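Both ligands and their constituent atoms are indexed starting at 1 by order of listing. This one's a predicted model, so the numbers in the text were calculated from it and none came from an experiment.
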Amino acid sequence: MDVISMSDFDETGIYSVLDAVDQVRKALHDHEYNRNVFQKKHNRPVEKLLEGILEATLFVENSTRTNFSSRVAAMRTGAMVDGFSSIENTSLTKGETWADTAAMFACYGFDVLVMRSTTEGLPRWTKEFVSNTNQQLKEQYSKAGIPFNYRNPMIINGGDGRHQHPTQCFLDLRTMLDIGNIQNIPLRGLPIALLNDIANSRVHSSIISVAPTLGLELHFAAPGRFGPRESQLEYLKAKGATFYNHGDDWEKAMRSSTIAIHSRPQKERVGKGEDLRTIKEWGCMTAERFQKLANQVPYLLHPRPVDSALFEEIHYSLRFHDADWSLFQASNGPYTRMALPAIGLDRMSIDYDFSTKKNTSLELSYLQLNVNNNSHAKAGLRSGHIEGDGIVIDHITAGRGRRLAGVLGFERENVPKTIADYLPVRDSTKDLIKLHCAYELSSEQEEAISLISPNSTINIIKSGRVVQKYRPIIGGRIVNRIDCSNDYCVTNIKEEHVTPQQKVIANGENTILECHYCGTTDTTSKIFQEERFRYIGKD
Ligand code: CP
């Protein structure tokens, strides 16, 4: 098991982790429980949970909690820990790629890499790269006749840009469960307010990604452009989640919620010209505001740090306020960061197999359509008078035929063809592409057709007759076909050379895709408008 994105975990897996965190927490605070229950269940006391394990903390963004709670978690459970806290003093400053840097730690036998980066999707790429590194080393040692027993290191994402902060999310969920237990309310249906800089916070982004899985009810409130990103709303809609966007009405969001998660304006990620003053005034939670809520004060969480220098998003007048549970929340950090590597390295006996979640590959299915040969007395007539062999791609969304032909590579191929656009059909219009020669479409081309124009039909013509008519339907994962729209995605970092990949999360006229690395959602209409489909066969 790796801890890369909350979207990799299902509900049972999440509750298994939260239960493990609770067991670790109890064992650390209750010696009897540690000796009599924990040790019996997991074959070792908590202080030896990670004995003999080598953990590296690779941080290129500043951190107090994630870095040092990971380190203390390692030290208190018998692991050895080392790493770096910035790129200074590493060879990243000499132009080495992140992948090559991480590969070195795999090559030196580290069991766990905890990493923080500004590049979104980098942890998943790191996993893929170090797995390949490990495999290559294994093979080379074998060829050299030398034993090799380093493991493929577990990757723990300690935050990648605005994308994910899964260890924080697990400790947040643990805290919510603890509060839910006080209130006797379950996580499913729990109303949670996400406040302040929703657009740029990886903490909020992680909660958003897990909300449909756990059935959390989200209430957003933020000033102007700091509200949820379009892609986040698209994702929640596609997953059927319950959410309410209250605009800048913080009071309504808080009154609707049991737990409010406030956040720091991410000034390091906010571009020039953003209205920092607005968010400074809007986001400052004061005792006065809490008084206004009277008896409807939700439990207040904050991942911390609180920016007391510039934004003061939790005003000092709320210091040690009853409602502020953010310190308790932070104290769940080390327990969470002990349990996660222990589960990943099979040091805890958990009744759940984390490896069962399917890794989707491309699934192209075909809807076979009826060929009515009577109406094609001269076969292919309705499809446009192809006398011999050929293909007609029919019912193409009007206005997309010419670019589709380009993406499919037909523009560069010397195949005889006709492209017709805006043909009238009943009360609408369509485009059409005809290839006037024997031609076999590749699955890559069928994939592109189903993405760009999902209602298209493909007619295979032999000796002037339509012999097959079908519609390809995209599913699974799409590889190397679409550039990710997120400039901060690892696939857009030239020197890392990462092949873009997307997963289909909702099928239809406007298919919704999710980047395999950075999780950004996209719609096929937007991809078409922004000309981000890669051309087939183009170098
Ligand atoms: N909550 C959190 O991630 O804090 P740090 O940035 O200090 O790690």
- Would you confirm whether the ring centroid of F290 sits within less than 6.0 angstrom of the ring centroid of H321?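 Yes, they do, as the ring centres are separated by less than 6.0 Å.
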- Query: Can the ring centroids of F170 and F9 be said to lie less than 6.0 angstrom from one another?
  - Reply: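 Yes, close enough.
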- Sequence neighbours excluded, which residues qualify as side chain to side chain donor-acceptor pair (under 3.5 Å) partners of T521?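 Listed in chain order: S231, E234.
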- Query: For N492, which residues count as a side chain to side chain donor-acceptor pair (under 3.5 Å) partner, sequence neighbours excluded?
  - Reply: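 Result, side chain to side chain donor-acceptor pair (under 3.5 Å) vs N492: none returned.
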- Query: Hey, are K267 and E313 close enough for a salt bridge, meaning a charged N less than 4.0 Å from a carboxylate O?
  - Reply: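 Judged by the 4.0 Å cut-off on N to carboxylate O distance, K267 and E313 do not form a salt bridge.
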If you look at each N/O of ligand 1, which protein N/O atoms lie under 3.5 Å away, and at what distance?
residue, atom, partner, partner atom, Å
ligand 1, 1 (N), Q168, OE1, 3.0
ligand 1, 1 (N), P303, O, 3.0
ligand 1, 1 (N), R304, O, 2.8
ligand 1, 3 (O), T66, OG1, 3.0
ligand 1, 3 (O), R116, NH2, 3.0
ligand 1, 3 (O), H165, NE2, 2.8
ligand 1, 4 (O), R65, NE, 3.0
ligand 1, 4 (O), R304, O, 3.4
ligand 1, 6 (O), R116, NH1, 2.9
ligand 1, 7 (O), T64, N, 2.8
ligand 1, 7 (O), R65, N, 2.9
ligand 1, 7 (O), R65, NE, 3.2
ligand 1, 7 (O), R65, NH2, 3.1
ligand 1, 8 (O), S63, OG, 2.7
ligand 1, 8 (O), R65, N, 3.4
ligand 1, 8 (O), T66, N, 2.9
ligand 1, 8 (O), T66, OG1, 2.7
ligand 1, 8 (O), R116, NH2, 3.2

- Excluding sequence neighbours, so at least two apart, what forms side chain to side chain contact (heavy atoms under 4.5 Å, CB included) with I182?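 In terms of side chain to side chain contact (heavy atoms under 4.5 Å, CB included), with neighbours along the sequence ignored, I182 is linked to Y299, W325.
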